[in-house]
Participant: 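Here it is, the structure in full.
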Amino acid sequence: MSARAFAIPLLLATSLVAPRLDAQSSMTAEDLAFYRVQAFTAGPAERRLPLNHIGIAGHVEADGFRVTAVLDDYPAHRAGILRGDLLLTAAGEPYHPIAAFNPDELTAERLTPRPHAVDIALLRHDSRLTVTVTPVFENLYDSYRSASLASVQRFPSGNKTVGYVRLWALSRATADLLAYRRLFEELAGSDGIILDLRDATGYFSLQQLDLVYRGRAELLSSSAPPHWPTGMAEPGWPLAMEPYRNPVVILINGATEAGAELLAYQLGKRPRVTVVGSNSAGRLGNYRRSDTAAGAAFTYEPASGVLFDGVEREGVGFAPEREAPYPEAQQGRIDPQFQIAFDILMGVI
């Protein structure tokens with residue numbers, strides 16, 4: 001199955017939050033990130049473009065598609081696909097994250113459901129494996145939201161309990177803010193929490209701070225205009241919950257971007273919060289749409305000159321308090337960043 005051009009008209013806002021693009025400055029409908037940014041900026045739910053997908057993020061390499069993240073409780077996760085796996089083929093053809101699950105005969109107007117099982121060959125630790133995956137037909141806004149809800153776990157260790165939640169993407173929508181509150185209420189009895197913001201993007205809101213942050217001391221200052229996607233949004237109503245008071249470890253990486261970077265940075269100012277991982281992406285700009293003969297495309301506009309706490313962060317990002325490398329090509333089930341986060345919590349609770 002060869003890569004092909006998709007001419008799918010989109011109804012998009014012109015100011016977009018930056019998705020993970022592995023240093024790309026533009027994207028088209030052949031890029032998986034195209035559908036992610038479309039869904040998060042399309043406005044009303046009916047304008048979010050669904051596609052057949054298996055719940056992964058990654059990028060193309062010479063020999064295949066490198067998986068860099070696997071959404072909780074989505075087809076790839078349930079099939080046992082892991083971060084670091086190199087996907088080689090789908091149904092015997094070179095793997096492509098869009099073409100593998102969305103057939104050529106579809107019209108250019110809109111993708112349609114195709115819930116058919118696909119055999120995927122992958123490489124892990126020099127061993128070739130085959131898994132069977134049936135895609136879901138869903139827009140990526142809903143997928144990232146559902147994966148966040150499915151990520152909640154609690155790990156007993158001796159007489160202590162560590163909670164875990166992975167917020168795959170941040171939103172300022174009322175329904176999502178209430179969902180975040182429910183997640184933290186579910187973990188309220190934990191002696192410590194790991195808040196995983198790796199590969200996360202989205203919009204920053206002061207209400208998100210209310211989950212673990214009392215008051216507005218040392219609040220982040222921003223020179224971004226009010227409409228800026230990663231700028232602060234003052235809440236119109238209180239989140240109406242008691243902030244989580246026990247130790248928190250936040251995980252970030254080179255794909256933590258936009259509002260997720262700002263949330264990790266602001267929460268990291270608290271003495272009981274430790275940020276672990278690798279430097280965040282420093283992608284705080286906008287995407288703007290352009291229409292070409294080949295279809296829609298989006299060009300990244302860096303947040304040059306925009307200051308956060310008096311410092312320009314575009315292209316620089318935020319450094320964790322505790323550096324913990326986790327190379328994208330490192331394969332297997334061992335997550336060294338999570339292990340360090342767990343050990344830090346067990347040392348202080």
Side-chain angles (χ1 to χ4, degrees), residues 1-13 16 19-20 27-60 64-65 67 69-81 85 87-122 130-151 168-169 171 173 175-176 179 199 201 289 294-298:
M1 185 180 299
S2 59
R4 59 195 184 281
F6 289 84
I8 301 174
L10 299 178
L11 300 173
L12 293 172
L16 307 179
R20 172 116 192 268
M27 59 181 173
T28 69
E30 290 189 10
D31 300 306
L32 188 58
F34 181 97
Y35 299 90
R36 180 179 177 184
V37 73
Q38 191 279 331
F40 271 86
T41 59
E46 61 271 15
R47 296 173 67 182
R48 298 172 190 152
L49 185 65
L51 76 159
N52 297 288
H53 73 93
I54 61 173
I56 61 172
H59 55 82
V60 175
F65 186 86
V67 177
V70 182
L71 295 184
D72 292 88
D73 202 34
Y74 269 75
H77 181 260
R78 294 194 292 268
I81 293 176
D85 286 348
L87 307 188
L88 305 174
T89 64
E93 299 291 337
Y95 184 87
H96 186 280
I98 309 301
F101 310 108
N102 298 277
D104 287 331
E105 64 269 17
L106 293 176
T107 70
E109 294 298 319
R110 184 165 294 273
L111 303 176
T112 59
R114 190 173 182 266
H116 305 306
V118 176
D119 289 336
I120 296 176
L122 60 88
T130 300
V131 298
T132 301
V133 183
T134 301
V136 296
F137 186 69
E138 191 174 64
N139 72 73
L140 293 185
Y141 180 97
D142 288 343
S143 296
Y144 277 74
R145 179 166 51 182
S146 296
S148 297
L149 296 174
S151 72
W168 285 94
S171 166
D176 294 319
D199 300 274
T201 186
R289 177 184 176 181
F298 296 91

Participant: Provide the closest heavy-atom pair for Ala150 versus Asp72 in the form atom of the first, atom of the second, distance.
Facilitator: CB-O, 4.1 Å
Participant: Could you go through the side-chain contact (heavy atoms from CB on, under 4.5 Å) check for Val70 and His77 one step at a time?
Facilitator: CA-CA 6 Å; Val70 182; His77 181 260; 3.7 Å; yes
Participant: Just wondering, do Val133 and Val131 contact through their side chains at under 4.5 Å, heavy atoms?
Facilitator: yes
Participant: Taking salt bridge (Lys or Arg N to Asp or Glu O under 4.0 Å) as the definition, give me every residue that meets it alongside Asp119, ordered by chain and number, with sequence neighbours left out.
Facilitator: none
Participant: So which atom in Ser171 and which in Tyr141 form the shortest heavy-atom distance, rounded to 0.1 Å?
Facilitator: OG-OH, 3.5 Å
Participant: Could you tell me whether the side chain of Asp73 and the main chain of Ala147 form a donor-acceptor pair under 3.5 Å?
Facilitator: no
Participant: Please name the pair of heavy atoms, one in Gly55 and one in Ala76, separated by the smallest distance, quoted to 0.1 Å.
Facilitator: O-CB, 4.2 Å
Participant: Please find the pair of heavy atoms, one from Phe137 and one from Pro113, that lie closest to each other, and give the distance.
Facilitator: CD2-CG, 3.5 Å
Participant: Report the distance from atom CZ of Arg36 to atom CG of Leu49, rounding to the nearest 0.5 Å.
Facilitator: 15.5 Å
Participant: Which atoms form the tightest heavy-atom contact between Pro135 and Arg114, and what is the distance?
Facilitator: CG-O, 3.7 Å
Participant: Between Gln38 (side chain only) and Pro50 (backbone N and O only), is there a donor and an acceptor less than 3.5 Å apart?
Facilitator: no
Participant: Is there a side-chain contact (heavy atoms from CB on, under 4.5 Å) between Leu111 and Tyr35 once you walk through the steps?
Facilitator: CA-CA 11 Å; Leu111 303 176; Tyr35 299 90; 4.2 Å; yes
Participant: Could you list the residues that satisfy salt bridge (Lys or Arg N to Asp or Glu O under 4.0 Å) with Asp176, not counting sequence neighbours?
Facilitator: Arg145
Participant: Any idea how Tyr95 and Phe101 line up, ring-wise: parallel (<30°), tilted (30 to 60°), or perpendicular (>60°)?
Facilitator: perpendicular
Participant: Can you find a pair of side-chain heavy atoms, one from Leu87 and one from Ile56, that are under 4.5 Å apart?
Facilitator: yes
Participant: Grab the two heavy atoms, one from Val136 and one from Pro75, that are nearest each other, plus how far apart they are.
Facilitator: CG1-CG, 3.7 Å
Participant: Assess whether side-chain contact (heavy atoms from CB on, under 4.5 Å) is satisfied between Val118 and Ile54, documenting all intermediate values.
Facilitator: CA-CA 10 Å; Val118 176; Ile54 61 173; over 6 Å; no
Participant: Could you work out, with side-chain contact (heavy atoms from CB on, under 4.5 Å) as the rule, every residue matching Ser143, not counting sequence neighbours?
Facilitator: His53, Leu71, Tyr74, Glu138, Leu140
Participant: Test side-chain contact (heavy atoms from CB on, under 4.5 Å) on Leu122 and Val67; report intermediate values, then the result.
Facilitator: CA-CA 10 Å; Leu122 60 88; Val67 177; over 6 Å; no
Participant: When rounded to the nearest 0.5 angstrom, what is the spacing between NE2 in His96 and CG in Leu32?
Facilitator: 9.0 Å
Participant: Can you tell me if Asn139 uses its side chain to pair, donor with acceptor, with the backbone of Asp142 under 3.5 Å?
Facilitator: yes
Participant: Considering only heavy atoms from C-beta outward, does the side chain of Val37 approach that of Thr201 to under 4.5 Å?
Facilitator: no
Participant: Are the side chains of Trp168 and Asp199 in contact, using a 4.5 Å heavy-atom criterion?
Facilitator: yes
